[in-house]
Amino acid sequence: MSTPYSAKIIDGNALAAQTRATVAQRTAALQARGLTPGLAVLLVGDNPASQVYVRNKVKACTDAGLHSVLERYPSTLSEAELLQRIEGLNKDPAIHGILVQLPLPAHIDAHKVIEAISPAKDVDGFHVASAGALMVGQPGFWPCTPYGCMKMLESIGYDLRGKHAVVIGRSNIVGKPMALMLLQQNATVTLCHSATADLKAMTLQADVIVAAVGKRNVLTADMVKPGAVVIDVGMNRNDEGKLCGDVDFAGVRLVAGYITPVPGGVGPMTIAMLLVNTLEAAERDAAARGLT
Ligand code: GUN
């Protein structure tokens, strides 16, 4: 048997801290030109996980010097009322990014809500215009989680050209945009999902694996080529109630070349990229207003 690898850990906390420090610097420079980036976060209902996520997002903004507002609404808020509020924020010059936390209550059509956000303020990158821009390689906002994964690959100096990247999971928020971003960097991309016939046959060929399913142990050591880079987007709880990803970390780290932990991997990067997108939206606004 060959010597097991001991995968290098890609530290999402450290990379996110670095990213946020750069955002803070650029925010200060923009402020000196008379513009403070602003993010509005809208939370409808009292989903406990969502409450934690939005609190973390707003705190990260404040820490980096951005203006942020958290608007909380009862689960009885009507779709029309939410659409009207988004219309107001679209016109608000102090707000550069609008984020409606998902999931929304069942009586509200999430697609309709996302499409109501001005693409210029769509810092989540969920609008059809943002998805289309990513697909055709035009400037637009990239969804924060796959964008953060790309930054993690960049941080280890990984050249994707000609490499085989396997993405597990085909969600609009992670899997599909992830595949497009990897493709843009000249990787050969395989997008696997619940109907994939032989997942292990695919992952064993991969130089890079991104697991984004939302289920424990989707990727185990026997499915990984020695030295591969493994990015874990999952956020699950194990039997003891502890946070864990989609990857069997203890096993896979002995085979992979690089691996991202959960917690402390992709999660902090998602928030950091939200700040980057909001700052970017504000910088575009400053340029459009001729603030130099
Ligand atoms: N719910 C879970 N992840 C996300 C996210 O990245 N953005 C929004 N708006 N809602 C989410």
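We use all heavy atoms of the structure for the numbers below, so side chains are in, but hydrogens, waters and symmetry mates are not. For the single chain, residues carry numbers from 1 onward in sequence order. Atoms within each ligand, like the ligands themselves, are counted from 1 in listed order.
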Quiz prompt | Ring-face cation contact, Phe141 with Arg284, 6.0 Å cut, 45° max | solution =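 The answer is yes; both the distance and angle limits are met.
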Quiz prompt | Sub-4.0 Å atoms of ligand 1 with respect to non-hydrogen atoms of Val100 | solution = 8 (C), 9 (N)
Quiz item: Which atoms of ligand 1 have any heavy atom of Leu99 under 4.0 Å away?
Solution: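 Counting atoms of ligand 1 from 1, those under 4.0 Å from Leu99 are 9 (N).
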Self-check item: Nearest-option assignment for atom 4 (C) of ligand 1, heavy atoms, candidates Met235, Met273, Gln101
Solution: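 Of the listed residues, Gln101 has the closest heavy atom.
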Taking NZ, NE, NH1 and NH2 as the nitrogens, is one of them in [X] or [Y] under 4.0 Å from a carboxylate oxygen of the other?
X	Y	result
Arg26	Glu280	yes
Asp246	Lys215	no
Lys151	Glu154	yes

Exercise. Test side-chain hydrogen bond (donor to acceptor under 3.5 Å, both in side chains) on Asp207 and His164 and set out the steps.
Key: CA-CA 5 Å; Asp207 303 301; His164 187 184; 5.8 Å; no
Quiz item: What protein heavy atom sits nearest atom 9 (N) of ligand 1, and how far off is it?
Solution: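 It is Asp124 OD2, 2.6 Å.
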Quiz item: Which residue holds the protein heavy atom closest to atom 10 (N) of ligand 1, what is that atom called, and what is the gap in Å?
Solution: Leu102 N, 3.0 Å
Quiz item: Should the proximity of Tyr53 to ligand 1, defined as any heavy atom under 4.0 Å, be assigned to the side chain, the backbone, both, or neither?
Solution: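 Contact part for Tyr53 vs ligand 1: neither.
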